[in-house]
Amino acid sequence: MRLKTLNSRPCASKLAVLYEQNGNLVNYQQLASRLSVPLYDTVVADKLETFFLTWRDGSLKLFDKESLKKDGLAVEIEHRQGEQRSWPIAKTGALAQALGRKTKTVVDATAGWGQDSLAMFRMGYEVQSIERSSIMAELLADGFSRLSKLDWMQQLNLSPPKLIQGNAIEILSNLPDQPDCIYLDPMFPPKRKKSALAKKAIVVLRDLVGDDMDKELLFATALKTAGKRVVVKSPNYAEPLGGKPNESFHGKLLRYDVYLTQNKG
Ligand SMILES: C[S@@+](CC[C@H](N)C(=O)[O-])C[C@H]1O[C@@H](n2cnc3c(N)ncnc32)[C@H](O)[C@@H]1O
């Protein structure tokens, strides 16, 4: 049954909120209303929507129609496998090298599933996360809220990264405080149409938000704004986004290109 229909926005036209008789209906109504998408209480095969948002097991999750009976995708807030269980963890690896020893504050201008924001947060950087997709911003807000309730976060009196929803190209120029580093991980076209190596979360994200066609403009804005450096994460097959970088650090199948800046705050 369709509970309520609101005008769809183009970016959200593939999405509906799904109420599975679980939890407070008002939360679902408010989510559907914030995203201007329909709210359903069952999934009918001929519905046009490809994606559904619903709360399961205490997390807001994104499902595609095929995976509705399986686990959906939520912002993962736990430490990664093999990572120290403390805070802050050691600043090691290619990401930390790319961020540089003098960096304290980072704006992640392409937050997505929040995994890089959270990796930087766990290393003790002060992180702000910008995301323009309102759907991804809802998933991030839910993840950051779950993070804030974890025991270790409360014991250490920590707040999760600050989330800003909107287009970083506009937001970066109006930040009240200049960050040391602006971190970019825009969506690059895949090397092959279907890669067995591409993670489900990235495949779904690409399907939902598409490739980031304005990444050059985002880079140019970041370069004018960052106090000390811009770090661009890209697949190792892609050309550097801003021409020859000052330094590059290599991870598995990816690269962090570093562009040094000297902008005064
Ligand atoms: C490849 S994903 C980032 C994945 C992320 N690094 C992670 O760890 O999950 C790119 C994300 O950046 C967002 N994005 C791209 N351009 C943006 C912009 N100009 N402003 C804000 N968000 C942007 C897209 O909506 C998408 O969610």
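We count ligands from 1, going down the list as the structure has it; atoms in each ligand are counted the same way.
- Look at Glu83 and Arg122 and you find a salt bridge, because one of the NZ, NE, NH1 or NH2 atoms lies within 4.0 Å of a carboxylate O, short of that distance.
- Listed by atom number, the atoms of ligand 1 under 4.0 Å from Trp113 heavy atoms are 7 (C), 9 (O).
- From the protein, the heavy atom lying nearest to atom 13 (C) of ligand 1 is Glu131 OE1, 3.3 Å.
- Counting heavy atoms from C-beta on, the side chains of Val106 and Ile182 never come closer than 4.5 Å.
- The local environment of CD in Gln262 is sparse, with at most 12 non-hydrogen atoms from other residues, nucleotides or ligands closer than 6.0 Å.
- Counting only heavy atoms of the protein, atom 5 (C) of ligand 1 lies nearest to Ala111 O, 3.3 Å.
- When non-hydrogen atoms are compared, ligand 1 lies under 4.0 Å from the side chain of Leu205 (C-beta onward) but not from its backbone.
- Protein heavy atom at the shortest distance from atom 10 (C) of ligand 1 is Asp185 O, 3.3 Å.
- For ligand 1, the atoms closer than 4.0 angstrom to any heavy atom of Gln115 are 7 (C), 8 (O), 9 (O).
- Heavy atoms from other residues, nucleotides or ligands lying under 6.0 Å from CD of Gln154 number more than 12.
- Evaluation of the side-chain hydrogen bond (donor to acceptor under 3.5 Å, both in side chains) test over residues 207-219, restricted to residues two or more places apart or in two chains, returns Arg132-Asp212, Arg132-Asp214, Arg206-Asp211.
- Not a single heavy atom of Ala201 sits closer than 4.0 Å to an atom of ligand 1.
- Screening residues 162-183 for salt bridge (charged side-chain N to carboxylate O under 4.0 Å, His left out) gives Asp180-Lys228 as the qualifying pairs, with residues at least two apart or on separate chains.
- Ligand 1 has no N or O atom lying under 3.5 Å from any N or O atom of Asp108, backbone or side chain.
- Of all atoms in ligand 1, numbered sequentially from 1 with element shown, those under 4.0 Å from a heavy atom of Gly114 are 7 (C), 9 (O).
- Contact annotation: Gly166 has at least one heavy atom less than 4.0 Å from an atom of ligand 1.
- The protein non-hydrogen atom at the shortest distance from atom 19 (N) of ligand 1 is Asn167 OD1, 2.8 Å.
- Distance from atom 16 (N) of ligand 1 to its nearest protein heavy atom, with residue and atom name: Arg132 NH2, 3.1 Å.
- No cation-pi contact links Arg229 to Tyr183, judged by a cut-off of 6.0 Å to the six-membered ring centre and 45° from its axis.
- In terms of protein heavy-atom proximity, atom 20 (N) of ligand 1 is closest to Ala168 N, 2.8 Å.
- In this structure, Asp108 contributes its side chain and Asp116 its backbone to no donor-acceptor pair below 3.5 Å.
- Geometrically, Lys91 engages Tyr125 in a cation-pi contact, judged by NZ or CZ lying under 6.0 Å from the ring centre and within 45° of the ring axis.
- Which parts of ligand 1 touch Ala109 is read off a 4.0 Å heavy-atom cut-off, strictly below it: atoms 20 (N), 21 (C), 22 (N), 23 (C).
- Without hydrogens or angle criteria, Asp257 side chain to Pro245 main chain gives no donor-acceptor distance under 3.5 Å.
- The proximity of Ser117 to ligand 1, defined as any non-hydrogen pair under 4.0 Å, does not occur for either the backbone or the side chain.
- In the displayed structure, Glu126 atom CD is contacted under 6.0 Å by at most 12 heavy atoms of other residues, nucleotides or ligands.
- Residue-level proximity to ligand 1 for Asp116 is carried by backbone and side chain together, each with a heavy atom below 4.0 angstrom.
- Protein heavy atom nearest atom 12 (O) of ligand 1, with residue, atom name and distance: Thr110 CB, 3.2 Å.
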